[in-house]
Structure formats: C-alpha cells, structure tokens
Amino acid sequence: RAKARGRQRVEVHDPRTDDGAADRLRLLGELRRGIPDGQLRLHHQPQVRVHDGRISGVEALVRWQHPVRGLLPPSEFIDLAEQSGLVRELGAWVLDAAVEQAARWARDPECATVEVAVNLSTRQLTDPGLVDAVTGALARHRLAAHLLVLEVTETALAVDPDAAAATLATLKDLGVGVSVDDFGTGYASLTYLQRFPVDELKIDRSFVTGLGVNASDTAIVQACVQLARAVGVRTVAEGVETEEQRRLLAEMGCDVVQGYLFSRPVEAAAFQEWARAR
Ligand code: C2E
Ligand code: MG
Ligand code: MG
Ligand code: MG
C-alpha cells in the first residue's frame, strides 16, 4: 500500500502535468474541506526538566491526515494556510484540540502537571479575537490557565509590537504562559525580553545542533541561557538529539530540553505510555 501511495504522490507532483500554483490551490481547497471533515491531528512531543529528568510538558504539533497523500507534516501546509488566511480555522482547531487534551491529562494523576504548548501563527497573534478564543477554550474544557503555554515567534511579535505586548500582558494576567519560539532566528534582540512579558525562551534547533561542535553556536546558546536566567525567563532547548548536547545544556543551566533524544512527536496515547514507562 505504501508503494501505491508513493506512486500516486509522484503523479500528483509530476512537473509535466502540474504546475506548482495549481497544485497549491488544490491542496488549499482540500485543506479547507479537510479541517471541518476532521482530518487534522495533534502529535505531542515531551519536554523534560533538566535538573530532575521529569516531564514538564508537551508541545502540540499539528499534522494533516490527507486522504490520498497520507500524514503530512506542517511544512507541507502551514505556509499555505498562513498566506490564505485559512490558518485562522486551523489555529482555532489546534487551540481547542490541545486544550481539550490538556484537560484530559489534568484529570489523570500520572499526567496532572503536564503543560501543553501550542504554536500560534502570526495571524492568530495579531487577531483581536485571540484572548477571547483562549479564554473560551479554557472555559469550555475547564482547564487551568497555567497548564497552557502559547508559543509565538519573533517575527509575529514584530508585526505590531505595541499590540503584541498588550495581548501578551492580558494572557499573562489570565495565567497563560508565553514562550518565544525559534529564538535567535528572527529579528528579536535582547530587548524583546524586556519589552514583552514572556515566561520562556525556546532556543532554536539550528543552534542546539551546533552545540559542542561549532564554537559560535555554543556561544550563542550559552549567551541566551545566561540572559534569560538574568531576567527570570525559563529556557527550553529544542532539537536535542544527543546525550552530549543534553549534558552541555545542563552545564549551561538550561531548564528544559525537547528533542528526538527523548521522543519524537507522537499521538496522545503513545505519549501517555512513554510517560508511564519513565
Ligand atoms: P517548531 O514550533 O519550532 O517545532 C519544532 C519542530 O522541530 C517540530 O517539527 C518537531 O517535530 C521538530 N523536532 C523536534 N525535536 C527534533 C529533533 O531532535 N531533531 C529534529 N531534526 N527535529 C526535531 P514539525 O512538527 O514538523 O513542525 C514544524 C513547524 O511547524 C513548527 O516548528 C511550527 O513552527 C509549525 N507548527 C507546528 N504545529 C503548528 C500549529 O499547530 N500551528 C502553527 N501555526 N504552526 C505549527
Ligand atoms: Mg514551537
Ligand atoms: Mg521551535
Ligand atoms: Mg524551530
């Protein structure tokens, strides 16, 4: 079956019969119908506290179970959704599904303290309805606000910094955690940590990969951790794949690690099994 699907996939992308724009337009139409059809899925990747190895939370990562192409990663459809505005519907689905899952875990003694992190698109952060959407989801599923973390990118913060700062302040008052994702890859400067009320900084995988191998990557990670600590912001390193990277991060004082060394993003049931086995 995998082979048949593979062949079909090649047909869909055949450059002789299909130009990229038409292909993208078709995919967009399929996504527009696929969201209400229930084709989106959430996978969860554990985040582990450095000092005691315990699970602090998970990051919820969206996938699309396409009826023909199989399970698609966000790189195949997020940009398309963002450009077209469909990311509003996608983001609303992700927020609701992630909060629902977090509430289920909150009632399970083995997972009761697991925080769930949700990625926000630029359009969601700049949407005046965001705070209502968040409070609505929390109320609907009766989740304590401190178990939800919202990940925003530097690029999204830069669109309208004053409005973003006000939105983040409101979220913080609610008790929701705010994290700056892919830190170091955008336009953010160190002043961001002062200007925006954030709780967490996620050091981008591109720097973590170079840890201990590339001197400037190592220095950047060290500087991010020290700066965050100095202003009382917690640090999460993403893309941790080796024990050596984990060890260096621990030495530097990084708080939380996330990456294939611990687990790939998996379905909720598989995460629970993984958590139980630990
Ligand atoms: P991100 O938020 O920076 O998420 C981390 C990505 O790194 C995930 O890819 C994850 O699977 C991958 N990753 C984690 N650990 C490792 C590792 O050790 N090695 C390697 N090579 N990769 C690792 P994924 O799930 O494909 O997501 C890619 C991006 O798509 C995310 O980057 C995020 O920007 C976006 N995204 C995912 N879900 C959503 C969503 O619900 N809404 C929005 N707006 N964007 C999303
Ligand atoms: Mg993220
Ligand atoms: Mg990230
Ligand atoms: Mg990243």
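Order of appearance sets the numbers: ligands from 1, and atoms from 1 within every ligand. Along the sequence shown, residues carry numbers from 1. Just so it is clear, the model here is predicted, and its values are computed rather than measured.
An N or O contact shorter than 3.5 Å is missing between Q258 and ligand 1 by distance. The shortest N or O to N or O distance between V87 and ligand 1 is not below 3.5 Å.
At a 4.0 Å heavy-atom cut-off, ligand 1 does not touch D204 at all. When non-hydrogen atoms are compared, ligand 1 lies under 4.0 Å from the side chain of R205 (C-beta onward) but not from its backbone. Here V118 has no heavy atoms under 4.0 Å from ligand 1, in either its backbone or its side chain. Proximity of R63 to ligand 1, defined as any heavy-atom pair under 4.0 Å, is confined to the side chain (atoms from C-beta onward). Counting heavy atoms under 4.0 Å from ligand 1, residue S121 touches it through both backbone and side chain. For R264, no heavy-atom contact with ligand 1 is shorter than 4.0 Å. Of the heavy atoms in K202, none comes closer than 4.0 Å to ligand 1.
Counting the atoms of ligand 1 from 1 in the order shown, those under 4.0 Å from a heavy atom of P265 are 11 (O). Near P74, meaning under 4.0 Å from any of its heavy atoms, are these atoms of ligand 1: 24 (P), 25 (O), 26 (O), 27 (O), 28 (C), 30 (O), 37 (C). Of all atoms in ligand 1, numbered sequentially from 1 with element shown, those under 4.0 Å from a heavy atom of Q45 are 14 (C), 15 (N). Less than 4.0 angstrom separates some heavy atom of E241 from each of these atoms of ligand 1: 17 (C), 18 (O), 19 (N), 20 (C), 21 (N). Listed by number with element, the atoms of ligand 1 under 4.0 Å from a non-hydrogen atom of G259 are 15 (N), 18 (O). Close approach of ligand 1 to D181 is summarised as follows: ligand atoms under 4.0 Å from at least one heavy atom of the residue are 1 (P), 2 (O), 3 (O). Ligand 1 places these atoms under 4.0 Å from at least one heavy atom of E238: 3 (O).
For E59, the nearest N, O or S atom to the Mg ion (ligand 2) falls under 2.8 Å. Within the 2.8 Å limit, E151 places no N, O or S atom next to the Mg ion (ligand 3). When distances to the Mg ion (ligand 2) are checked against a cut-off of 2.8 Å, N119 contributes an N, O or S atom below that limit. Contact annotation: E238 places no N, O or S atom under 2.8 Å from the Mg ion (ligand 2).
Looking at D181, its N, O or S atom nearest to the Mg ion (ligand 3) turns out to be OD1. D182 contributes OD1 as its N, O or S atom closest to the Mg ion (ligand 3).
In this structure, of L40, I78, L42, L61, the residue bringing a heavy atom nearest to atom 10 (C) of ligand 1 is L61. With F77, Y260, W93 as candidates, the residue nearest to atom 18 (O) of ligand 1 on a non-hydrogen basis is Y260. Looking at T185, V257, N119 and measuring to atom 46 (C) of ligand 1, the nearest heavy atom belongs to N119. Of the options L125, V94, L95, the smallest heavy-atom separation from atom 41 (O) of ligand 1 is shown by V94.
Of the N and O atoms on the side chains of R229 and Q226, not one donor lies less than 3.5 Å from an acceptor on the other residue. Q272 and W105 share a donor-acceptor pair across their side chains, judged by distance under 3.5 Å alone. A donor atom on one side chain and an acceptor atom on the other are not found under 3.5 Å apart for H66 and Q39.
Shortest non-hydrogen contact noted between L201 and A228 is CD1-CB, 4.1 Å.
Atom CD of E267 is surrounded by 12 or fewer heavy atoms from other residues, nucleotides or ligands within 6.0 Å.
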Side-chain polar contacts of residues 254-264 - donor-acceptor pairs under 3.5 angstrom, sequence neighbours left out - could you list them?
from	atom 1	to	atom 2	distance (Å)
D255	OD2	T235	N	2.9
D255	OD2	T235	OG1	3.4
Q258	OE1	Q47	NE2	2.8
Q258	OE1	K202	NZ	2.9
Q258	NE2	Q45	OE1	2.8
Q258	NE2	E59	OE1	2.8

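In the hydrophobic clustering of this structure, L227 groups with L157; members are Ile, Leu, Val, Met, Phe, Trp, Tyr whose side-chain heavy atoms approach within less than 4.5 Å, directly or through other members. Residues V236 and V114 are members of separate hydrophobic clusters, defined by side-chain heavy-atom contacts under 4.5 angstrom among Ile, Leu, Val, Met, Phe, Trp and Tyr. Note: the hydrophobic cluster containing V208 also contains M252 (ILVMFWY, side chain heavy atoms under 4.5 Å, direct or indirect links). In the hydrophobic clustering of ILVMFWY residues, with side-chain heavy atoms under 4.5 Å counting as a link, V118 and L61 come out apart.
A side chain to side chain contact (heavy atoms under 4.5 Å, CB included) with F207 is found for exactly one of D217, N214, D182, namely D217.
Taking 4.0 Å as the cut-off, G91 does not count as a neighbour of ligand 1 on heavy-atom distance. Within the 4.0 Å heavy-atom cutoff, S75 does not count among the residues contacting ligand 1. By the 4.0 Å heavy-atom criterion, E59 is counted among the residues contacting ligand 1.
The pair D199-R234 fails the salt-bridge criterion, with no side-chain N (NZ, NE, NH1 or NH2) lying under 4.0 Å from an Asp/Glu carboxylate O. Salt bridge E244/R247: present, at least one basic N to carboxylate O contact under 4.0 Å. Ion pairing between E154 and R195 fails under the 4.0 Å rule for side-chain N and carboxylate O. Salt-bridge annotation for D37 and R32: absent, with no side-chain N of the basic residue lying under 4.0 Å from a carboxylate O of the acidic one.
In terms of modelled atom types and a separation under 3.5 Å, the side chain of Q124 and the main chain of S121 share a donor-acceptor contact.
Rounded to the nearest 0.5 angstrom, L130 CG and L120 CG are separated by 6.0 Å.
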